[in-house]
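The structure appears right after this line, and notes come after that.
Note that the numbering runs from 1 along the sequence shown for the chain. As the structure is a computational prediction, the values presented were derived from the model and not from experiment.
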Amino acid sequence: MKITAVIMAGGRGERFWPKSRVNYPKQFLSLTKDGETMIQKTVQRLLPMVEITDMYVVTNVNYTSLVQEQFPDLPAENILSEPCVRNTAPCIGLAASVIRKKYGEAIMLVLPSDHLIRYEEMYIDTLRQAVAVAEKGENLVTIGITPTYPETGYGYINFARDTDLGMPGVYSVERFVEKPDHDTAQRYLESHHYLWNSGMFVWKVSSIMANIQALMPDIYDGLVRIEEAVGTPDYDSVLWTEYQEFRSESIDFGVMEHAECIYTLPGSFGWDDVGNWLAIERINPTNEYGNYIEGDVITIGTERSTICGGKRLIAAVGVENLIVVDTNDAVLICDKDSTHDVKRVIENLKICNRSQLI
């Protein structure tokens with residue numbers, strides 16, 4: 001069966017301000033020293049499994065040109081431009097509609113554009129196993145991540161070890177749970193029956209469309225009208241009209257929490273969702289003082305800090321546990337324990353009507 005990849009690239013990456021901006025979000029930035037952007041890494045690691053002509057990038061209409069710049073070999077019709085933000089259910093539904101119109105039936109690998117994977121061969125092996133599960137009936141497969149600590153910033157997947165598939169390493173999903181508090185996350189970790197929800201999915205086009213039709217019929221009806229317009233001169237206008245009418249809904253809440261035949265595969269391939277500035281020291285080497293340094297930086301008595309310089313010299317003296325990021329028009333200075341609050345800077349800039357800095 002044809003294998004396609006759907007890469008979701010519409011997020012804004014606000015926790016990576018001031019480098020990530022509304023017109024140039026995180027997935028189009030290079031956050032590692034090899035110079036590759038997040039989305040370029042996502043595409044590159046899939047090439048052993050999926051042809052570039054079978055990859056689809058779903059992004060906001062404002063980012064279409066960025067996708068084209070970073071992937072000149074990607075067919076223009078494979079860039080699916082959302083006219084407005086409507087969360088992951090309409091995003092995935094749009095891709096499924098386009099793929100169904102082109103192929104009738106296919107496997108969809110649905111993947112975020114801004115994750116990093118350390119062990120890429122193990123990652124591909126896991127995806128291939130997920131494809132085998134998806135091909136059996138109407139199964140919906142999600143890739144969970146084996147937790148290593150009680151993380152409170154992720155949703156979790158509660159799974160059962162018994163299935164009727166007869167496939168080792170595949171488990172039934174009992175339920176999806178929202179981000180827990182620390183004590184609950186600790187219980188999840190100790191139970192060995194929970195995985196981090198990575199937001200990666202594998203299924204047949206027919207399987208996901210049947211579930212959208214059953215569970216979100218209002219969105220499905222609009223998707224059918226979009227599908228009918230694919231390849232015609234009316235496509236852009238139909239997409240614009242229908243997409244704006246969709247309610248904003250995640251695929252987790254709209255489908256995965258209510259559907260049957262949900263399975264998960266635990267992934268242990270060095271996954272990182274690169275959610276905020278703390279990820280920089282996880283995905284890049286640090287020096288003997290625990291510092292990650294980039295750019296023109298002098299450190300004296302500085303420890304456990306991430307300092308990303310721009311054109312100006314940064315001198316850090318006697319500080320620790322800081323995030324410092326310098327750009328042409330803004331500087332972030334943040335205690336590592338407060339990285340989740342970087343989004344509040346965006347909120348303040350909006351209140352102060354300083355949209356040029358967002």
Side-chain angles (χ1 to χ4, degrees), residues 5-11 13 15 26-27 38 42 58 87-93 108-119 122-123 126-127 129-131 133-134 139-161 163 169-203 207-208 211-212 215-216 248-276 278-279 282 340:
V6 175
I7 299 167
M8 299 179 289
R15 289 192 177 93
K26 176 181 67 170
Q27 58 269 28
M38 303 290 285
T42 301
V58 188
N87 215 319
T88 54
C91 162
I92 292 169
M108 293 173 60
L109 314 178
V110 181
L111 308 164
S113 61
D114 54 358
H115 293 177
L116 287 181
I117 306 296
R118 187 180 300 274
Y119 308 115
M122 294 175 65
Y123 169 74
T126 303
L127 289 180
Q129 187 180 15
V131 168
V133 177
N139 301 329
L140 305 181
V141 186
T142 180
I143 309 297
I145 303 299
T146 305
T148 53
Y149 59 93
E151 172 62 53
T152 60
Y154 301 150
Y156 282 72
I157 301 167
N158 179 210
F159 67 93
R161 294 183 180 274
T163 74
V170 181
Y171 306 105
S172 297
V173 172
E174 294 284 299
R175 63 186 179 121
F176 292 85
V177 294
E178 298 300 320
K179 299 174 182 177
D181 58 29
H182 183 272
D183 290 344
T184 303
Q186 184 65 43
R187 290 199 302 273
Y188 290 168
L189 181 67
E190 293 171 355
S191 76
H192 305 293
H193 281 275
Y194 287 83
L195 302 170
W196 289 333
N197 186 354
S198 72
M200 295 186 280
F201 308 100
V202 181
W203 44 53
S207 300
I208 190 60
N211 276 280
I212 292 174
L215 298 169
M216 296 184 290
S248 181
E249 192 70 271
S250 71
I251 198 69
D252 295 87
F253 184 79
V255 171
M256 302 302 284
E257 293 183 10
H258 310 287
E260 300 178 354
C261 300
I262 310 293
Y263 296 95
T264 188
L265 279 72
S268 298
F269 37 70
W271 172 85
D272 198 303
D273 78 331
V274 196
N276 58 47
L278 284 179
R282 295 197 302 265
H340 290 288

Which atom of Y119 lies closest to which atom of G270, heavy atoms considered: CD1-N, 3.7 Å
Exceeds 12 heavy-atom contacts within 6.0 angstrom, atom CZ of F253: no
Side-chain heavy-atom pair V173, N158 within 4.5 angstrom cut-off: no
Nearest non-hydrogen partners of T152 and A185, listed with the distance: CG2-CB, 4.4 Å
Heavy-atom closest pair, residues I7 and S113: CG2-CB, 3.6 Å
Trace of the side-chain contact (heavy atoms from CB on, under 4.5 Å) decision for L127 with M200: CA-CA 10 Å; L127 289 180; M200 295 186 280; 5.6 Å; no
Under 3.5 Å donor-acceptor, Q27 side chain and G11 backbone: yes
Pairwise distance CG(N197) to OH(Y154) - rounded to 0.5 angstrom: 11.0 Å
For S268 against T146, the heavy-atom pair lying closest together: OG-OG1, 3.2 Å
For the student: nearest non-hydrogen atoms of V58 and C91, plus distance: CG1-SG, 3.5 Å
Flag if over 12 foreign heavy atoms under 6.0 Å of CZ, R118: no
Aromatic plane relationship, Y194 with Y188 - under 30° parallel, 30 to 60° tilted, over 60° perpendicular: parallel
Parallel, tilted or perpendicular, as decided by the 30° and 60° cut-offs, for the rings of H193 and F159: tilted
Minimum side-chain heavy-atom gap P266-I145 below 4.5 Å: no
Audit row: M216, V255, side-chain contact (heavy atoms from CB on, under 4.5 Å) steps and yes/no: CA-CA 8 Å; M216 296 184 290; V255 171; 3.6 Å; yes
Residue pair R161 / H192, side-chain heavy-atom distance below 4.5 Å: yes
Criterion side-chain contact (heavy atoms from CB on, under 4.5 Å) on T264 and I143, from CA distance to verdict: CA-CA 6 Å; T264 188; I143 309 297; over 6 Å; no
Any donor-acceptor N/O pair, N276 side chain to L278 backbone, under 3.5 Å: yes
Straight-line distance of I92 CD1 to W203 CH2, nearest 0.5 Å: 4.5 Å
Pairwise distance OH(Y123) to CG(L116) - rounded to 0.5 angstrom: 11.0 Å
Enclosure of E178 CD (heavy-atom neighbours >12, cutoff 6.0 Å): no
Pair Y156, R175: side-chain N/O donor-acceptor within cut-off below 3.5 Å: no
Reported CE-to-CZ distance for the pair M8 and F201, which is rounded to 0.5 angstrom: 6.5 Å
Donor-acceptor pair, side chain of N139 and main chain of V133, under 3.5 angstrom: yes
V177 side chain reached by T184 side chain, heavy atoms, under 4.5 Å: no
Between OG1 on residue T88 and CD on residue E249, distance to nearest 0.5 Å: 8.5 Å
Nearest-0.5 Å distance, CG of residue D114 to CG of residue D272: 10.5 Å
Side chain proximity check, I262 to F176, heavy atoms < 4.5 angstrom: yes
Atom of S198, atom of P112 and distance for their closest heavy-atom approach: O-CG, 4.1 Å
